[in-house]
Amino acid sequence: MNRKYQPNEFEKKWVENWEKNKTYKSNESNKTNKSYILAMFPYPSGAGLHVGHVRNYTGTDVVARYYRMNGRAVLHPMGWDAFGLPAENAAVKAKKNPMDMVPEHIATFKKQMKSLGFSYDWDREFTTTDPAYYKWTQWLFIQFYKMGLLYKKNTPINYCPVCKTGLAEEEVLADGTHERCGNKITKKDLPQWIFKITKYADRLLEDLKGLDWPEGILAMQRNWIGKKQGINIDYKVKGSKEIITCFTTRPDTNFGATFIVLAPEHEFVKKIQKEDVKKYVKEAASKSEIERLAEGKKKTGVFTGFYAINNLNGKEMPVWVSDFVLASFGTGAVVGVPGHDIRDFEFAKEFGIDIIRVVVGSDGDKSPITRIEQVQEKEGIMINSEFLNGLDIHQATKKIMDWFEEKKLGKRITSYHLRDWIFSRQRYWGEPIPMIYCKKCQWQPVAEGELPLKLPYIKSYEPTSTGESPLATVKDWVNTECPNCHGPAKRETDTMPNWAGSCWYFIRFAQIQKSNTKDQKDNSSIENWKLQIENSGNWLPVDWYLGGAEHAVLHLLYSRFWVKALYDLKLLDFKEPFLKLRNQGMILAEDHRKMSKSFGNVINPDDVVSEYGADALRIYEMFMAPFNTEIPWSTKALQGSYRFVKRIWELYQKQDRNSNIKDQKEDTKLVSKLFKTIKKITSDIPQVKFNTSIAAMMEFLNYWEKNPNGLEKENAKKFLQVLAPFAPFLTEELWDSFFGEKNSIHLSTWPKVGDEIIEEEIIIPVQVNGKFRDTIKSQKSKVKSQKEIEKLAFKSEKVKKFITGKVKKTVYIPGKIINFII
RNA sequence: GCCGCGGUGGUGGAAUGGCAUACACGCAGGACUUAAAAUCCUGUGAACGAAUAGUUCGUGAGCGUUCGAGUCGCUCCCGCGGCACCA
């Protein structure tokens with residue numbers, strides 16, 4: 001009768017049982033009643049599952065279980081993101097081939113995930129390194145190439161000298177280091193496959209409006225896309241046929257323009273034969289971007305000897321060269337307005353260039369600008385600007401843009417911070433790029449029938465310093481024939497970045513259905529793609545996506561881009577991959593540092609499971625803090641969650657399981673409290689408020705323990721049901737062994753509770769002059785009238801002593817509060 | 001500098017504009033025990049106070065709106081994250 005709580009005794013049994021019965025198999029869906037609930041799939045590292053993974057996957061699992069019990073068709077799959085630098089670097093370190101190592105890591109991850117009771121439909125599992133998967137990744141690459149979204153170009157790119165590969169802008173952190181390995185990035189000229197993501201900049205920005213994503217992530221994507229409205233203004237150069245075009249967002253200040261600055265890489269600069277200019281350009285080129293930044297903001301520069309003419313007033317503006325102007329932004333040429341731009345001011349001061357005030361700000365200061373504090377970058381009214389005088393800067397901007405465009409001296413331009421996506425990696429462990437180079441026919445895609453283009457198993461896969469991937473040395477792989485003219489040709493030897501596989505994996509989960517893969521042709525072709533989408537059961541797009549915020553401008557941006565391109569190819573009928581996104585916060589170590597092997601502060605979930613059971617770990621991680629909050633681990637607090645789980649177990653053991661419902665007298669207050677708890681959990685889970693769900697259950701348990709037999713059987717079962725998403729093992733065991741239920745609790749129907757049953761005492765605070773003085777009890781269903789409340793309030797000593805004068809006004813909100821103003 | 005998020009007990013945190021500090025951890029006292037662990041019970045924002053009487057103060061600071069503000073508005077301060085010689 002009195003079984004002790006020993007989770008290890010039954011957790012394993014249920015893992016096997018759920019697997020055998022395919023309890024979590026995705027059922028048929030239809031568009032109106034489906035929930036595709038997805039956690040960002042992991043890179044299976046050798047370290048095994050981290051407690052941070054457990055937090056993310058438990059939260060996602062709670063949501064999936066909740067919707068499943070609420071009668072929705074749920075797709076909740078899991079797979080492995082195994083290509084890329086981390087896997088390869090780990091393999092190099094372990095002196096193993098990644099192709100051998102990855103399956104071992106996956107086996108560990110999978111075993112750990114199962115022990116934690118995540119309700120995945122394992123029939124849909126796959127790995128991005130499976131040729132059966134990446135043949136489609138390659139096929140998609142070819143479709144994008146054919147639609148003109150990819151081009152190959154020799155260009156200076158960010159290069160990690162330690163990882164020996166080129167990188168995308170998004171992979172370089174603000175401090176100039178590589179986001180994977182933390183080493184400093186350099187620049188290197190390499191021929192690259194480049195994705196025209198900038199073509200989609202506007203749509204990537206616009207469509208953010210319809211997404212239910214955290215504000216911070218939306219802001220980061222908006223910033224990263226960095227859309228700016230401005231104008232390109234053409235300036236004639238005195239004594240030359242050259243025209244210098246400058247991009248500016250502040251043409252309103254153009255009457256204050258006193259100089260022009262060109263980037264050292266600017267085309268016009270290359271034509272200048274002046275010795276000091278050549279010297280300056282050479283020096284600038286030898287400095288890396290990081291060195292330039294390290295020099296601080298002190299302005300350097302050299303005068304070209306040329307003057308440009310300001311179209312507005314004929315003023316001659318000296319043309320300078322300076323490395324503070326970036327060739328990669330705008331036109332690589334800037335018109336200097338030192339009165340109204342801090343950098344321009346610094347430059348003008350440094351080289352004794354004129355400063356003209358053209359805007360008066362809210363401080364009313366009209367005096368000449370001589371100090372940096374006077375530089376007026378903000379709102380204001382135009383002066384010294386002829387036909388703009390008296391306008392505010394926004395009106396002036398519009399007016400002068402119109403003026404420039406009418407005179408054909410300028411053109412409105414939208415600029416973006418977003419750069420095209422560098423897609424080549426000079427590494428072994430990635431999808432081979434399915435392109436062939438023929439001297440006669442140039443670049444040709446691999447024939448669809450040839451896919452997958454398999455990554456050869458090779459011994460020395462370590463990165464090289466030649467600027468080529470190790471595949472370049474595999475001669476019989478490289479040398480091939482041209483798909484077009486059948487002459488001799490060479491394969492592309494660079495591979496795709498680790499983001500490629502994760503760009504569309506959520507689509508694959510929906511496509512794969514074990515039952516039909518055998519009959520269904522899986523060869524990469526448009527027909528098969530469309531067939532698989534048709535047969536995919538309307539799961540797409542993803543309804544709930546949960547994962548870390550670190551992917552804000554990487555995976556999340558790239559996936560959105562691919563989906564939009566696929567929509568344009570009519571290969572998908574939706575434009576956004578992830579409708580709702582939620583981030584989980586990081587779990588720090590107990591010492592408030594990051595968990596790291598080198599600090600020796602890592603918590604292994606396996607150890608926690610074997611000591612406290614999976615349910616206690618799940619409950620703890622959901623209870624420790626709001627889901628998106630960064631929080632240090634606490635073993636003490638974990639023990640508190642363990643006590644909670646154990647007390648539930650023991651409470652059910654105490655109950656008299658043979659008692660008949662009719663014999664038992666229910667404690668109506670307890671039932672009312674239970675229903676209130678159920679209501680709270682029902683509304684909390686979809687809001688990702690797992691911590692307060694558990695607090696509510698704890699509160700209820702504290703109360704229930706005073707009268708263990710106070711609930712009849714059906715109600716005692718309801719408590720288990722709302723606990724089930726959080727503690728799947730314990731609830732299933734009690735459901736089965738205590739209540740003798742034949743079907744899984746996880747497929748049972750979520751308890752419904754109406755308002756009418758919740759009868760409870762409510763407390764009405766009494767305030768005098770807004771200060772709380774006493775309380776009056778009332779019934780929720782029969783709230784007392786103002787007169788009754790007033791009568792009771794005036795009887796209270798606590799209230800009476802503060803009513804020192806006449807009551808001027810009484811504020812009574814029925815059922816809420818009464819406030820006497822004296 | 002710009003963008004986003006936050007600041008509540010010793011700690012993690014709770015609170016549709018209406019009893020601030022739920023729930024948990026920790027701590028203190030007690031029960032059980034030869035003892036410890038485990039478990040259970042009680043207490044636990046601060047100040048004054050013998051008090052589990054009572055009063056005052058109290059959600060980063062200051063104003064404001066309101067009968068009433070942790071919550072709404074304004075001005076700051078601090079912390080975290082992202083971006084940045086971006087014209």
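Proteins come first, then strands; the chains are lettered A, B, ... in the order of their sequence lines, and each starts at number 1.
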Next on the checklist: Rounding to an integer number of angstrom, what distance separates B:rA24 and B:rU44 when you compare their P atoms?
Outcome noted: 15 Å
Considering every strand and a 4.0 Å limit on heavy-atom distances, what is the contact class for A:K227: base, sugar-phosphate, or nothing?
nothing
Partner of B:rC48 under the Watson-Crick or G-U wobble criteria, both distances under 3.5 Å, comes out as B:rG54
note: A:M220, atom CE; B:rC80, atom P; distance rounded to Å ~ 17 Å
Note to self: When the C1' atoms of B:rG60 and B:rG6 are compared, how many Å lie between them, rounded to an integer?
What the structure shows: 11 Å
| message | Does A:S641 reach a base, just sugar-phosphate, or nothing at all? Heavy atoms under 4.0 Å. | response | nothing
Atom CG of A:L554 and atom P of B:rG82 are separated, to the nearest Å, by 12 Å
Taking only side-chain nitrogens and oxygens of A:K771, does any of them come within less than 4.0 Å of OP1 or OP2 of B:rG68?
-> no
Whole-Å distance, A:N254 CG to B:rA87 C1', equals 12 Å
- Query: Got A:T692 and A:K680 here, is their nearest side-chain heavy-atom distance under 4.5 Å?
  - Reply: yes
Exercise. Can you find an N or O donor on one side and an acceptor on the other, under 3.5 Å apart, linking the side chain of A:N223 with the base of B:rC83?
Worked result: no
**Message:** Check whether A:F324 forms a cation-pi arrangement with A:K299 (NZ or CZ under 6.0 Å from the six-membered ring centre, at most 45° off the ring normal).
**Reply:** yes
Taken to the nearest whole Å, NZ/A:K646 to C1'/B:rA38 is 7 Å
**Rounded P spacing from B:rG58 to B:rG10 in Å** = 16 Å
inquiry  = Using a 4.0 Å heavy-atom cut-off, does A:I813 contact any base of the nucleic acid, only the sugar-phosphate backbone, or nothing at all?
reply    = base
At 4.0 Å (heavy atoms only), tell me whether A:F623 reaches a base, stays on the sugar-phosphate, or touches nothing. base
Rounded to whole Å, CZ of A:R419 lies from C1' of B:rC86 at a distance of 9 Å
(request) For A:Y642, answer base if it contacts any base atom (sugar-phosphate contacts may also be present), sugar-phosphate if it contacts only those atoms, and nothing otherwise; contact means non-hydrogen atoms under 4.0 Å. (result) nothing
Using Watson-Crick geometry (N1-N3 plus N6-O4 or O6-N4) or G-U wobble (N1-O2, O6-N3), each under 3.5 Å, B:rC40 is paired with B:rG30
Query raised in the report: What does A:N691 touch in the nucleic acid at a heavy-atom separation under 4.0 angstrom: a base, only the sugar-phosphate, or nothing?
Result: sugar-phosphate
| said: Considering every strand and a 4.0 Å limit on heavy-atom distances, what is the contact class for A:R643: base, sugar-phosphate, or nothing? | reply: sugar-phosphate
With a non-hydrogen cut-off below 4.0 angstrom, is A:R773 in contact with a base, only sugar-phosphate, or nothing? sugar-phosphate
_Once you apply a heavy-atom cut-off of 4.0 Å, does A:P626 come out as touching a base, just sugar-phosphate, or nothing?_
sugar-phosphate
Should A:R412 and A:E405 count as an ion pair when the cut-off is N to O under 4.0 Å? yes
Among the nucleotides B:rA15, B:rG12, B:rC19, whichever has the atom closest to the side chain of A:I631 is B:rG12
Side-chain atoms of A:A625 come closest, of B:rG12, B:rC86, B:rG18, to B:rG12
The Watson-Crick or G-U wobble partner of B:rA15, with both key distances under 3.5 Å, is none
Problem set entry | A:T300 and A:Y280 side chains, donor-acceptor separation under 3.5 Å | yes
Under a 3.5 Å limit on both distances, the Watson-Crick or wobble mate of B:rA84 is none
From CG of A:N583 across to C1' of B:rG81 the rounded distance in Å is 11 Å
Should A:E215 and A:R222 be marked as a salt bridge (charged side-chain N to carboxylate O under 4.0 Å, His left out) after you check the CA-CA gap, both sets of side-chain angles, and the distance that decides it? CA-CA 10 Å; A:E215 186 48 42; A:R222 280 194 295 263; 2.7 Å; yes
ask   = So does A:K800 pair up with A:E797, basic N to acidic O under 4.0 Å?
value = yes
The nucleotide from B:rC3, B:rA20, B:rC67 with an atom nearest the side chain of A:F772 is B:rA20
Check: Does A:L418 reach the side chain of A:L205, with side-chain heavy atoms less than 4.5 Å apart?
Finding: no
From the candidates B:rA24, B:rA22, B:rA87, the one with an atom nearest any side-chain atom of A:R647 is B:rA24
message: Does A:Q767 reach a base, just sugar-phosphate, or nothing at all? Heavy atoms under 4.0 Å.
response: base
A:E705 CD to B:rU39 P, in whole Å, measures 12 Å
Which value, in whole Å, describes the distance between the P atoms of nucleotides B:rC76 and B:rU56?
35 Å
Looking across every strand, which nucleic acid part, if any, lies under 4.0 Å from A:K801 by heavy atom: base, sugar-phosphate, or nothing? sugar-phosphate
Across every strand shown, the nucleotide meeting Watson-Crick or G-U wobble geometry with B:rC5 (both distances under 3.5 Å) is B:rG79
Assert: residue with more 5' nearest nucleotide on RNA chain B, out of A:G216 and A:G770, is A:G216
_What contact category does A:D341 fall into here, base, sugar-phosphate, or nothing, at under 4.0 angstrom with non-hydrogen atoms?_
nothing
Winner on side-chain proximity to A:E215, out of B:rG4, B:rC86, B:rG82, is B:rG4
request  = Please work out if A:N702 contacts a base, only the sugar-phosphate, or nothing of the nucleic acid, heavy-atom cut-off 4.0 Å.
outcome  = sugar-phosphate
When A:D252, A:T248, A:T253 are each screened for side-chain hydrogen bond (donor to acceptor under 3.5 Å, both in side chains) with A:R250, the one that passes is A:D252
query: Do the charged groups of A:R343 and A:E377 touch, with an N to O distance under 4.0 Å?
result: no
Assert: residue with more 5' nearest nucleotide on RNA chain B, out of A:M624 and A:T331, is A:M624
For B:rG68, the nucleotide meeting Watson-Crick or G-U wobble distances (both under 3.5 Å) is none
Considering only heavy side-chain atoms of A:I763, the closest of B:rC19, B:rC83, B:rC85 is B:rC19
Rounded to whole Å, the CE-C1' distance (A:M698 to B:rA24) equals 6 Å
(message) When the P atoms of B:rC25 and B:rG43 are compared, how many Å lie between them, rounded to an integer?
(response) 16 Å
So A:I821, base contact, sugar-phosphate only, or nothing? Heavy-atom distance under 4.0 Å.
sugar-phosphate
